[in-house]
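Quick note on labels: first sequence line is chain A, next is B, and so on, each numbered from 1.
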Protein chains: 2
Amino acid sequence: MKTADQVLVKQINKMIVLNTIYKKRPISRAEIAKVTGLNKSTVSALVDELLTEELVLEMGAGESQGGRRPVNLSINKEVGNIIGIDLGVNYILSIMTNFAGEIIWEKRIDLQHAHNSPGQRIADLQTLIEEMIVSASQTVRGIIGIGIGVPGIVNYEQGLILSAPNLGWENIELRSMIEQKFGIPVFIDNEANAGAIGEKWFGAGKRADEFLYISAGTGIGAGIIINNELYRGSKGLSGEIGHMTVSLDGIPCSCGNAGCLEEYASEKALFRYMKEYACVEELTIFNIIDNAIAGDEVSRKAFEYVGKCLGIGVANLINAFNPQLVIIGNSLPLVGDILMNELRREAEKRCFASKYFSVKILPSQLNMHACAMGAAALVISRLYASPVS
Amino acid sequence: MKTADQVLVKQINKMIVLNTIYKKRPISRAEIAKVTGLNKSTVSALVDELLTEELVLEMGAGESQGGRRPVNLSINKEVGNIIGIDLGVNYILSIMTNFAGEIIWEKRIDLQHAHNSPGQRIADLQTLIEEMIVSASQTVRGIIGIGIGVPGIVNYEQGLILSAPNLGWENIELRSMIEQKFGIPVFIDNEANAGAIGEKWFGAGKRADEFLYISAGTGIGAGIIINNELYRGSKGLSGEIGHMTVSLDGIPCSCGNAGCLEEYASEKALFRYMKEYACVEELTIFNIIDNAIAGDEVSRKAFEYVGKCLGIGVANLINAFNPQLVIIGNSLPLVGDILMNELRREAEKRCFASKYFSVKILPSQLNMHACAMGAAALVISRLYASPVS
DNA sequence: ATTAGTTTGTTTATTCGATAAACTAATTGT
DNA sequence: ACAATTAGTTTATCGAATAAACAAACTAAT
């Protein structure tokens, strides 16, 4: 059983200090003591340890507040680099960040055929990672870890892709493959979970304790942040909302059921709408977005329809979770208010307790970087523990 | 900020010891040390405190295991009594339990008119509480607290009923009313939340860390247990699933929208079905249950239909939460497998990741007592902290 | 320039909880 | 009778946070 002792106490307080420095840098020891409630001497001792671990740096003296000048502390951004990868359906987006989550290298490769064999795709991935590693700047700890966000069902503990229908993959032991090749810790998570943790650390969710990140792209998924942490459910399969039923006897879905949200509120639904009302195919999602923004009526209507349907799905989740905030990410929200206004209207209308609380519904702040940055945050969060507000 | 210190350490460990005694009673100090991993002397010290607080009792020697005989420890059931109340739409169910959650007194009063004025209803409630208090056995601490489960939207922190549509109540400061009258701590929660915590402490959810309790009666609500604790959401309004949209352009609902789950899977839906296919009205839910069990074909079909619809709602939640377990409570599951079989079939069919994990879907173990016992558990859990497995 | 007051950060002594080790107590099996 | 075993207590120690005293560095008023 998980009993408590002094080791736990120190762990908790040390992480509180580190998180405080991360969030409020530059900050002095005295200020840390003030905002955390820890004793000055406790803060000094913990900061000393963080300094010897090189996670934190002294940055010289700050402005005097009418007495001795404070010593500014900051995160040591150069303690190590992190690789974050968004394994998309027809692209791989790879970024390298420093310890503060600042992107210092980025590369996107587009892939023609969506259904590469796992072998070919993983070879591409490994080449990309190798390229990043050799070009990485020298740091204290080198590459700390690799995070990968995958569009599919993932076993996070085992680093296993159980199923990625849009890639045509089943049962891929991705973690052990990458770890064995590079000897660096690897974390694999679902694309929506990664997006959620990305927004929590670096995006629109920084200040929210409980929020939902809705990834609306080829498919629909949700990442759930509860009490400042990703909620993975009992077997790590939470947030599979793409196949939430929103229409009892609705459009048949590839999953074998009917009326799934994905048939109404994803790229798939958008393409169907365009095909039906504009008789156009062969457009990419980005074409349609550009057209809608440029004023094309059918494209706008298509996004309004999809926004309305997504609003229904969002309302269902708000009713269940009562979050402070819902962040809409992935490709669809790139179109902006055309989608978001309808979505907000419908969600508010169908939110039962909207009289008694307000939910902010915001587009992603990281846009198409949410997943890759979240993948990096999976690694970073291991060092910080959870970012306590 | 919530920093850690030795006080916290002791609190945690003491609650671990108390919970272990609660769950495994009778148990010796040595055994507690073994199962918790705490040191023998730590356990002895903490048990001593619990003994002087009279929360725990020594029950004499147990069987020797080949050495000195152990001293059996148990919860002191008589340390105090707890009142738990289910404030139903047309009844009040009131129970008194001892510290172990065993019911020692129970009374149900049925009320003709659903829409009593709050004043009249609260007067009834106070009379009932008074009756319980005078008839209570003498204990160390008397009545420890009063828990009340309410069918509506509740602010738990403030003990405030924001809205109870089925009672026709708005903005009732129930906690302060009852606390001022009796001078005993009062806890108010939503009926589904109370049901969930009841099943967690005393029913089908004892061994599950994450589960959903679905209250399917006049309305539909959910209580969400995450990490062994009730998840209330950001403003305490989680689990309002009655107005989850399951049919985009479905049956109009009193909430102003259309296609809400409540129109398909509650008593309301059952009555509508019976009216339409059997042309009978004036039946209570219990009449229909009895008829269905007795073999009446239309009643059975009605439950099968409602079960299927409820299964869709349950599948939506399973997809979002990935719980270990879903417990179906309140009136509808009293009919048994007629409902549950259809519900399970449909839920399994629509659960996207069902290939990768199994969810148990069980009827409530506490049946119509879930809410009242959960209301009592709201009080008890304050003394135990959360029951850590 | 002097001095009082303030702010920052360190040092020292104290407290408190968990723990290991040594102990007492009680029981079984041979 | 006595060795082995199990239950529970006592004692000494460790290590974390803390308060209080201190030293250092600065501002501002005189």
Any Arg29(B) side-chain N or O less than 4.0 Å from OP1/OP2 of dT9(D): yes
Any side-chain N or O of Asn13(A) less than 4.0 Å from the OP1 or OP2 oxygen of dA17(D)? yes
Helical stems, DNA chain D - three or more consecutive Watson-Crick or G-U wobble pairs below 3.5 Å: C:1-30 with D:1-30
Could you tell me which residues satisfy side-chain contact (heavy atoms from CB on, under 4.5 Å) with [X], sequence neighbours excluded, listed by chain and number?
{"X": "Ser238(A)", "value": "Ile224(A), Tyr231(A), Asn322(B)"}
{"X": "Arg69(B)", "value": "Ala61(B), Ser64(B)"}
{"X": "Val56(B)", "value": "Leu18(B), Ile21(B), Leu50(B), Leu51(B), Leu73(B)"}

By salt bridge (charged side-chain N to carboxylate O under 4.0 Å, His left out) - contacts of [X] (at least two apart):
{"X": "Lys235(B)", "result": "none"}
{"X": "Glu102(A)", "result": "Lys77(A)"}
{"X": "Arg175(B)", "result": "none"}

Quick one: on DNA chain C, does Leu38(B) or Glu31(A) contact a more 5' nucleotide (nearest heavy atom)? Glu31(A)
Chain A on DNA chain C: first and last contacting nucleotide, 5' to 3', under 4.0 Å to a heavy atom? dG5(C) to dG17(C)
Rounded distance (Å) that lies between atom C1' of dA24(D) and atom CZ of Arg69(A): 14 Å
Among residues two or more places apart or on two chains, list those pairs meeting side chain to side chain donor-acceptor pair (under 3.5 Å) that have a residue in residues 26-48 of chain B. Arg29(B)-Glu58(B), Asn39(B)-Ser41(B)
ring-ring contact (aromatic ring centres under 6.0 Å, His included) filter on Phe321(B), not counting sequence neighbours, yields Phe321(A)
Residues at least two apart in sequence or cross-chain that pass ring-ring contact (aromatic ring centres under 6.0 Å, His included) with Phe99(A), listed by chain then number, are Tyr384(A)
Pull out every residue in residues 40-57 of chain B that has a heavy atom closer than 4.0 Å to any atom of DNA chain D, ordered by number, or say none. Lys40(B), Ser41(B), Ser44(B)
What is the nucleic acid contact for [X], judged by heavy atoms within less than 4.0 Å: base, sugar-phosphate only, or nothing?
{"X": "Gln6(B)", "result": "base"}
{"X": "Val71(B)", "result": "sugar-phosphate"}
{"X": "Ser28(A)", "result": "sugar-phosphate"}

